[in-house]
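Taking it in order: structure first as structure tokens, then the write-up.
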Amino acid sequence: MRTVGMLGGMSWESTAIYYRLANELTRERQGGLHSAPILLHSFDFAPIEELQVAGEWERAGRLLADAAARLEQAGAELLVLCTNTMHLVAPQIESAVDIPLLHIIDATASCVRAQGMSKIGLLATGFTMEQPFYAERMASLGVDCLVPEADDRAEVHRIIYDELCQGIVREESRAAYRDVITRLVDRGAEGIVLGCTEVEMLIGADDSPVPVFPTTALHVEAAIDAALA
């Protein structure tokens, strides 16, 4: 099994889910006492979040690219970026290493298309919903993205940063997300992409009238499949 390099800590709450799922899947696939060979670089999220807010994506990309190069030097044979939003700087990371970066959007779009869908609603950070990188890559893979209206986008983003990234899960926030999902479905969404790794702490299949696509779980599964190939 190849060694998986994880760029995490953005936030650590979702990175912990990545680590757990990777090991659970490895045990499921290989049995016994098997677990995943993982090298993890975990960032302090506060400085990264400051760069996000300031729009200093190129600087943030340099930090992630440097960490990726160090993971490769330490023996990582493939890379997983444990966050949706920071895939905005995926090209910088890819240019810094010679090992593959398994892109979260590719893994998600593949699952959406496998279920015969071509239009999804996107729940994510404001950066992911409003920057073009996510919708454009999805479109290139045959999937159209619907994002919530402005007020809903603001509330979805607030809940991620003020609550989920800090380990806070509130029923009233789950209800708010359910309402946003309903409005996306009313606009034609065939499924809902949980396009922020922390959102899976709050929303699951029972919270939506249409299928949900948990990007963390899909990304981890793609990584373990690749590591075992």
Side-chain angles (χ1 to χ4, degrees), residues 4-22 38-74 76 78-97 99-108 122-137 147 153-169 173 193-202 214-220 223:
V4 178
M6 288 187 173
L7 291 165
M10 301 167 284
S11 69
W12 73 260
E13 295 282 350
S14 61
T15 302
I17 298 172
Y18 266 87
Y19 184 80
R20 175 178 57 79
L21 290 177
I38 291 170
L39 293 172
L40 171 63
H41 180 102
S42 187
F43 282 91
D44 177 3
F45 189 32
I48 300 294
E49 189 268 345
E50 291 172 1
L51 293 174
Q52 291 176 338
V53 172
E56 295 189 30
W57 297 103
E58 197 276 335
R59 185 177 169 193
R62 289 200 306 270
L63 293 175
L64 269 66
D66 178 68
R70 284 185 277 127
L71 284 173
E72 182 178 22
Q73 291 165 7
L78 57 91
L79 286 175
V80 173
L81 176 54
C82 305
T83 159
N84 279 273
T85 295
M86 296 312 293
H87 275 76
L88 190 154
V89 302
Q92 284 176 265
I93 297 170
E94 290 170 321
S95 68
V97 297
I99 56 177
L101 172 70
L102 301 180
H103 205 292
I104 198 168
I105 298 175
D106 296 354
T108 303
L122 178 63
L123 296 181
T125 68
F127 308 114
T128 300
M129 291 186 288
E130 294 168 8
Q131 296 274 355
F133 78 100
Y134 209 93
E136 287 179 355
R137 191 169 183 114
V147 298
R153 291 199 304 272
E155 182 64 358
V156 168
H157 180 91
R158 184 198 66 77
I159 289 168
I160 291 169
Y161 279 85
D162 292 353
E163 298 177 17
L164 300 178
C165 285
Q166 300 180 48
I168 299 167
V169 178
S173 296
V193 166
L194 308 182
C196 173
T197 50
E198 286 81 14
V199 170
E200 289 162 62
M201 298 165 59
L202 186 66
T215 56
T216 299
L218 297 174
H219 199 200
V220 171

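For the pair Q92 (side chain) and E58 (backbone), a donor-acceptor distance under 3.5 Å is present. Not a single donor-acceptor pair under 3.5 Å links the side chain of E94 to the backbone N or O of P100. Remark: the backbone N or O of L81 is not paired with any side-chain donor or acceptor of H103 at under 3.5 angstrom. A donor-acceptor pair is defined here as one N or O able to donate and one able to accept, closer than 3.5 Å; such a pair exists between the side chain of T108 and the backbone of I104.
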* To do: I would like to know whether V147 and Y134 meet side-chain contact (heavy atoms from CB on, under 4.5 Å); could you show each step before the answer?
  => CA-CA 11 Å; V147 298; Y134 209 93; over 6 Å; no

* Asked: Where do M6 and L39 land on the side-chain contact (heavy atoms from CB on, under 4.5 Å) test, with the steps shown first?
  -> CA-CA 6 Å; M6 288 187 173; L39 293 172; over 6 Å; no

* To do: Could you check L123 against V193 for side-chain contact (heavy atoms from CB on, under 4.5 Å), going step by step and ending with a plain yes or no?
  => CA-CA 6 Å; L123 296 181; V193 166; over 6 Å; no

* To do: Begin with the C-alpha distance, continue with both residues' side-chain angles, and end with the deciding distance and a verdict on side-chain contact (heavy atoms from CB on, under 4.5 Å) for V89 and L63.
  => CA-CA 10 Å; V89 302; L63 293 175; over 6 Å; no

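Contact between C196 and T125 at its shortest, heavy atoms only, is SG-CG2, 4.0 Å. Nearest heavy atoms, L64 versus M86: CD2-CB, 3.8 Å. Between A67 and L7, the closest heavy-atom pair is CB-CD2, 3.6 Å. Here the closest heavy-atom approach between residue L21 and residue A217 is recorded as CD1-CA, 4.0 Å. Of all the heavy atoms in G8 and T15, the pair that sits closest is CA-OG1, 3.4 Å. When all heavy atoms of E163 and S173 are compared, the closest pair comes out as OE1-OG, 2.6 Å.
Ring to ring, W12 and F43 are not that close: their centroids are 6.0 angstrom or more apart.
Side-chain atoms of S11 and E198 include a donor-acceptor pair closer than 3.5 Å. Side-chain contact of T83 with T197: a donor-acceptor pair under 3.5 Å is absent, judged by distance alone. One side chain, N84 or T215, offers a donor N or O that lies under 3.5 Å from an acceptor on the other.
Scored by the salt bridge (Lys or Arg N to Asp or Glu O under 4.0 Å) test, D66 finds R70 as partners (sequence neighbours excluded).
Rounded to the nearest 0.5 angstrom, L218 CG and L194 CG are separated by 9.0 Å. Rounding to the nearest 0.5 Å gives a distance of 7.0 Å between SG of C82 and CG of L40. If you take NE2 on H87 and CD on Q131, they are separated by 15.0 Å, rounding to the nearest 0.5 Å. The structure places CD1 of I17 at 6.0 Å from CE of M201, a figure rounded to the nearest 0.5 Å. Between atom CD1 of residue I48 and atom CE of residue M10 there is a gap of 6.5 Å, rounded to the nearest 0.5 Å. Distance OH/Y19 to CD1/I38: 5.5 Å, rounded to 0.5 Å.
Inter-residue side-chain proximity for L102 and L79 is flagged as unmet; no heavy-atom pair is nearer than 4.5 Å. Residues E13 and F45 fail the side-chain proximity criterion, which asks for heavy atoms closer than 4.5 Å. The shortest distance between side-chain heavy atoms of F127 and L88 does not fall below 4.5 Å.
With a 6.0 Å radius and a threshold of 12 heavy atoms from other residues, nucleotides or ligands, R59 has its CZ atom at or below the threshold.
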